[in-house]
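The basis for the numbers below is simple: all heavy atoms, side chains too, and nothing from hydrogens, waters or symmetry mates. Computed from a predicted structure; not experimentally measured.
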Amino acid sequence: MAIEPIRLNVNNASFSYGKEIVFENLTLELNSGDILFVLGPNGVGKTTLFKTIMGFLKSDSGTFLFNNQNIKSWKPDKIAKNIAYVPQSHTPPFPFKVKDVVLMGRTVHLERFSSPGANDLRIADEAMKELGICHLREKSYTDISGGERQLVLIARALCQEARLLIMDEPTSNLDFGNQIRVYKQIQKLANKGIGIILSSHVPNHALHFATHVALMNHNTISRIASPEELITAASIKELYEVDAKIFVIPGGMKSRSRKVCIPDEF
């Protein structure tokens, strides 16, 4: 089934906690099929930005538009049908089974007081299969590892069948293999027309998987462009205050050349 095109526009947005400015005059755009990596040091407001887009937090100013509709005017169920959010971590108050946590993603599509049907169960099973977590389905969510929980949260988001996916450091607790599996899944979703915005502290992930990169520092997003253009030794120094070098690894018969970012101290 074809996914309707989307466009997210955040224009001149500002947010503060009292007198403490988190971000201001922040502008970004995201379209169907985009994978936008937001890079920036800890504490610059990436998570706050995501929660503001979702309506969890109220901005001081600015507009948040989804296909030219004001997200601020939407009810929570409409937001959930269009935008799925994957937090950094989550511990539920009750020991739900993994299959039930994933199935919670279907809640927004159910009528009040109704139970999930065969189609909802099928969608949940497909999401777990896509992420390779079927073997966890009967386990308690509170008894699995942090990395496994992150995969479960991503599967839950897939069950929402939203057209925009917001992910807060989605691979921070995953081993190397699961990091790559998750990003390959993200690429598949983007190829289907889903727009994806995520935060990361790994420039190499952005170089390999992003269509666009946003540099967030000093209370705003300073630039948005392709990863090849933005991820440079100068930008890494600006963001993280470390020296780095960018190398090009030549491609082979079936692969293209790639850039990698390595700290200069190594």
Answer with yes or no whether the side chains of [Y] and [X] bring together a donor and an acceptor at under 3.5 Å.
X	Y	result
N25	T220	no
D168	S199	yes
R7	N67	no
K78	Q69	yes
D60	S16	yes

E138 CD: over 12 foreign heavy atoms closer than 6.0 Å: yes
Over 12 foreign heavy atoms within 6.0 Å of NZ, K72: yes
Member of L215, L207, N204 meeting the side-chain contact (heavy atoms from CB on, under 4.5 Å) criterion with I231: L207
Keeping [X] on the side-chain end and [Y] on the backbone end, is there a donor-acceptor pair under 3.5 Å?
X	Y	answer
N191	Q187	yes
D175	G177	yes
S235	L230	yes
S140	K97	no
N12	L26	no
N70	L65	no

Tell me the closest heavy-atom pair linking [X] and [Y], and the distance in Å.
X	Y	value
S59	S14	CB-O, 3.5 Å
V213	A206	CG2-CB, 4.0 Å
M216	P41	O-CD, 3.7 Å
Y240	S200	OH-O, 4.0 Å
I144	E148	CB-OE1, 3.1 Å

Heavy-atom side-chain proximity of [X] to [Y] below 4.5 angstrom:
X	Y	result
I83	I71	yes
L103	D120	yes
R106	E161	yes
M167	Y85	no
K237	V242	no
I186	L198	yes
V86	I166	no
L136	I133	yes

Distance flag, aromatic centroids of F96 and Y141, threshold under 6.0 Å: no
Near-ring test F15/Y17, centroid separation under 6.0 angstrom: yes
Residues T171, Q150; criterion side-chain contact (heavy atoms from CB on, under 4.5 Å); working and verdict: CA-CA 8 Å; T171 62; Q150 194 70 4; over 6 Å; no
Y183 and H208: CA distance, side-chain angles, deciding distance, side-chain contact (heavy atoms from CB on, under 4.5 Å) verdict: CA-CA 9 Å; Y183 279 123; H208 293 168; over 6 Å; no
Decide, yes or no, whether a salt bridge links [X] with [Y] under the criterion of side-chain N to carboxylate O below 4.0 Å.
X	Y	value
R163	E4	yes
R137	D125	yes
E238	R223	yes

